[in-house]
Number of protein chains: 2
Amino acid sequence: MPSRKNVQNTRMSKQLRVLHGALLDIAAMMNRPQRDELLIRAAGIPLDRALFPLLVLIERFGPIGVVDLADRVGRDYTTVSRQVAKLESLGLVLRQDNAEDRRVREAVITAKGKAMTELVDGARERIARGVFESWEPHELDELVRLMRKFADAVSHDPPAD
Amino acid sequence: MPSRKNVQNTRMSKQLRVLHGALLDIAAMMNRPQRDELLIRAAGIPLDRALFPLLVLIERFGPIGVVDLADRVGRDYTTVSRQVAKLESLGLVLRQDNAEDRRVREAVITAKGKAMTELVDGARERIARGVFESWEPHELDELVRLMRKFADAVSHDPPAD
DNA sequence: GCGATTATGTGCATAATGCACACATATCGG
DNA sequence: CCGATATGTGTGCATTATGCACATAATCGC
């Protein structure tokens with residue numbers, strides 16, 4: 001007779017695997033070039049590769065320093081520093097000093113950069129609306145609440161191992 | 001007096017933005033090299049860059065062809081074809097023909113490859129457990145259900161524009 | 001105050017990438 | 001059935017992205 005705790009662990013393992021699969025599916029949706037992103041590319045602005053995800057993050061979380069950005073994308077910070085410099089040269093972000101730590105060079109989105117992220121945000125929002133408009137309103141409320149709760153928890157973990 | 005529909009649209013826009021932020025935070029957690037992934041790297045197997053995310057996807061969704069994989073990671077399929085060839089040369093995946101379509105070369109994980117993904121799966125599971133063990137059980141049930149529902153919906157969309 | 005740590009940036013060699021092209025197979029439509 | 005078209009995979013090539021080694025400056029903690 002398996003102990004109660006083992007049964008619960010097995011059940012949670014299954015749930016985590018399902019959740020992981022869902023996260024991968026949603027990530028795939030976000031990795032696909034949206035139609036408007038294709039327009040950006042066709043306009044000759046080389047943002048499709050490493051630069052665009054950074055621009056999205058700067059819009060969402062800026063002003064943000066190089067090390068924080070690098071941590072988010074899982075890249076070496078020197079790489080990210082170079083990419084932010086490129087974004088600046090394209091006029092899509094500005095870099096400013098941080099008042100509290102004179103070493104930090106924070107990236108903040110420009111109006112031009114935001115116009116770009118809004119193209120893709122708009123496309124993604126249309127997809128999401130198409131999904132959620134057929135949901136019960138409390139279902140979306142609950143998904144948003146629980147996802148924010150999960151994200152808050154994993155964003156503040158210092159693994160104490 | 002704003003129409004009822006506009007109010008609802010504004011409310012959903014806010015919710016989608018919160019959900020997007022949560023997804024980005026969770027993606028950041030998944031992008032961070034986990035300790036066990038660091039061990040893999042230290043073992044001299046060059047999997048940290050483009051190869052490891054592919055290995056994870058092959059374990060989860062394999063057998064899977066090059067075009068499907070490329071679609072998921074948002075990369076050119078020729079790039080992914082080369083990377084899968086590398087994973088095969090490392091003994092982490094096998095490539096096999098597809099019975100239904102003789103053009104397709106499906107990648108499937110090997111025991112060696114799976115041992116690697118399990119290192120990182122284990123580390124991520126520990127993080128997730130640390131979060132969810134303090135949640136009410138029905139909250140995790142609901143999160144898993146709603147995320148799977150969302151992922152199912154976005155995975156089957158043909159944008160009919 | 002001072003050594004250790006942290007944030008950013010540069011040089012360099014290597015790895016990843018997408019485009020052009022090719023071949024083989026599958027599908028479509030007359 | 002068969003030619004035209006579409007799709008899946010792979011190779012060559014030039015360009016771009018990347019991490020490591022190293023450097024400078026700022027901050028932290030004893």
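In what follows, chains carry the letters A, B, and so on, assigned in the order in which the sequence lines appear, proteins first and then strands, with residues in each chain numbered from 1.
- Each of A:Arg102 and A:Gly74 lies near DNA chain D, and the nucleotide nearest A:Gly74 is the one positioned closer to the 5' end.
- Close to D:dA17, at under 4.0 Å from its OP1 or OP2, lies a side-chain N or O of A:Lys86.
- Contact between the side-chain N/O atoms of B:Ser81 and the OP1/OP2 oxygens of D:dT9 is not found at any separation under 4.0 Å.
- Taking the charged nitrogens against the carboxylate oxygens, A:Arg102 and A:Asp97 have no contact shorter than 4.0 Å, which rules out a salt bridge.
- Looking at which nucleotide of DNA chain D each of B:Arg95 and A:Glu100 is closest to, the 5′-most match is held by B:Arg95.
- The interatomic distance linking B:Tyr77 (OH) with C:dC21 (P) rounds to 13 Å, in whole Å.
- Residue A:Asp101 is the one, among A:Thr78 and A:Asp101, whose nearest nucleotide of DNA chain C lies closer to the 5' end (criterion: closest heavy atom).
- If you check every strand for non-hydrogen atoms under 4.0 Å, B:Thr79 touches a base.
- Looking at A:Thr78, A:Val80, A:Thr79 one by one, the single match for side chain to side chain contact (heavy atoms under 4.5 Å, CB included) with A:Val66 turns out to be A:Val80.
- Other residues, nucleotides and ligands contribute at most 12 non-hydrogen atoms within 6.0 Å of the NZ atom of A:Lys14.
- Below the 3.5 angstrom threshold, one finds a donor paired with an acceptor across the side chain of B:Arg82 and the base of C:dG18.
- With a 6.0 Å radius and a threshold of 12 heavy atoms from other residues, nucleotides or ligands, A:Arg11 has its CZ atom at or below the threshold.
- The side chain of A:Arg75 contributes an N or O atom lying less than 4.0 Å from OP1 or OP2 of D:dT18.
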